[in-house]
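Single-structure report; data block below.
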Amino acid sequence: MQLAFMSIIFLLFFSGAMSLFELERVSHDTEEILRASKDNIDLASEMISALNEQNDAMIYMAVIGGSVKDIAPHYNKCEESMTRLSAATMTAQQRMSHTDNAATADSLVAFSNRINQLVTSYINGDVHRQIARDTTSRHTTHAWYADSYKPEYVKVSNQITKYMTGSENTLGPDVNRLSHTARRAVTPVFISLIVMIVVVLMFYFFINHYLIKPVLRINNELGDYLRYRTPFDNNIACRDELASLRDRIWAVIQKLR
């Protein structure tokens, strides 16, 4: 009985420790997944913000136009947005270099470099010099924006969208691993529950067979002897202390005769 109770206590302690360990891993993995998802979303937001700021500045410079004094702040905004876009896309490429989304990140870097080169050529005056050499009315900064810059802007925007969806897909294995870890956290408790049910049933059988039934038989035999003076059955199947109690009752009855 003592060994059985000690086994249950050890089993409960072991299963509890294992569950706490696995739950700690689940908590850590969950934090890592949420942090990675947040970082990817923040990075994509940074790319979209830089791209839109660049596009707004290019619309003002190439389409709306204005004096040199009015356009100057937009030049600075273009340079700042190019730096931000390049840094964000390079970070995305590094994060996705060892994942299935590496090709999308590489394409994102290539398209961002291409649009930054277009903006650089506009800021340096290459576009204006090319327009000045062409005497046709079609070649204007407005046409350059619509024919050259806007398609590249759309391509970069689409690549950022692909990066966002692809980065979420890369978290799939981590989510599956988290699911397996959660099941491992519950398994020890489930096994302990089954084992304890089995042990309780065994306890019920042994206690009923070796304790309750012998005590009831001894009590009935002693009651029959006291009431009806029927012989006390000294062959009741007992063990340990109950067998000693049976023998002592038998000895007392023998002395009373």
Side-chain angles (χ1 to χ4, degrees), residues 1-42 95-96 98-101 166-257:
M1 295 288 290
Q2 291 179 350
L3 180 62
F5 279 113
M6 290 300 296
S7 299
I8 291 178
I9 293 174
F10 175 77
L11 181 62
L12 289 174
F13 176 79
F14 177 77
S15 62
M18 288 295 297
S19 296
L20 288 176
F21 175 75
E22 293 295 341
L23 286 174
E24 182 64 25
R25 290 184 58 183
V26 170
S27 177
H28 180 266
D29 292 344
T30 302
E31 291 178 357
E32 289 294 327
I33 292 174
L34 292 177
R35 187 181 298 111
S37 178
K38 181 180 181 300
D39 291 343
N40 288 331
I41 292 174
D42 292 342
R95 289 183 181 179
M96 298 297 167
H98 300 293
T99 65
D100 296 336
N101 204 33
S167 61
E168 293 301 320
N169 291 334
T170 58
L171 298 177
D174 294 331
V175 174
N176 291 332
R177 178 168 52 84
L178 180 62
S179 176
H180 292 308
T181 304
R183 283 197 292 269
R184 287 199 301 269
V186 178
T187 300
V189 177
F190 180 72
I191 294 176
S192 299
L193 180 62
I194 294 177
V195 172
M196 281 189 291
I197 292 174
V198 174
V199 171
V200 168
L201 292 176
M202 292 176 61
F203 275 0
Y204 173 79
F205 171 77
F206 286 114
I207 291 175
N208 184 66
H209 183 75
Y210 292 106
L211 183 63
I212 296 177
K213 286 185 177 180
V215 169
L216 291 177
R217 285 202 58 190
I218 291 174
N219 182 65
N220 292 333
E221 290 291 333
L222 184 59
D224 291 342
Y225 172 77
L226 293 176
R227 287 192 298 270
Y228 309 115
R229 293 297 175 177
T230 58
F232 183 82
D233 186 5
N234 193 36
N235 296 321
I236 299 174
C238 299
R239 298 182 63 180
D240 303 327
E241 288 81 1
L242 286 179
S244 176
L245 177 63
R246 179 201 60 194
D247 295 339
R248 289 180 181 180
I249 292 174
W250 172 254
V252 170
I253 291 175
Q254 292 300 318
K255 287 181 179 181
L256 293 177
R257 287 183 179 181

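As the structure is a prediction and not an experimental result, all values here were calculated from the model.
- In terms of modelled atom types and a separation under 3.5 Å, the side chain of Arg246 and the main chain of Pro214 share no donor-acceptor contact.
- Using a 4.5 Å heavy-atom threshold, the side chains of Asp39 and Arg95 count as touching.
- With values rounded to the nearest 0.5 angstrom, Ile236 atom CD1 is found 13.5 Å from Lys213 atom NZ.
- When all heavy atoms of Tyr225 and Thr230 are compared, the closest pair comes out as CD1-O, 3.2 Å.
- A search for side-chain hydrogen bond (donor to acceptor under 3.5 Å, both in side chains) contacts involving Asp224 returns Arg227, not counting sequence neighbours.
- In this structure a side-chain-to-backbone donor-acceptor pair under 3.5 Å is missing from Asn219 to Val215.
- You'll find the side chain of Asn40 reaches within 4.5 Å of the side chain of Met96, heavy atoms only.
- In this structure, the separation between CD1 on Ile253 and CG on Leu226 is 7.5 Å, given to the nearest 0.5 Å.
- Ile249 and Ile218 make their closest contact through CD1-CG2, 3.7 Å (heavy atoms, listed as atom of the first residue, atom of the second, distance).
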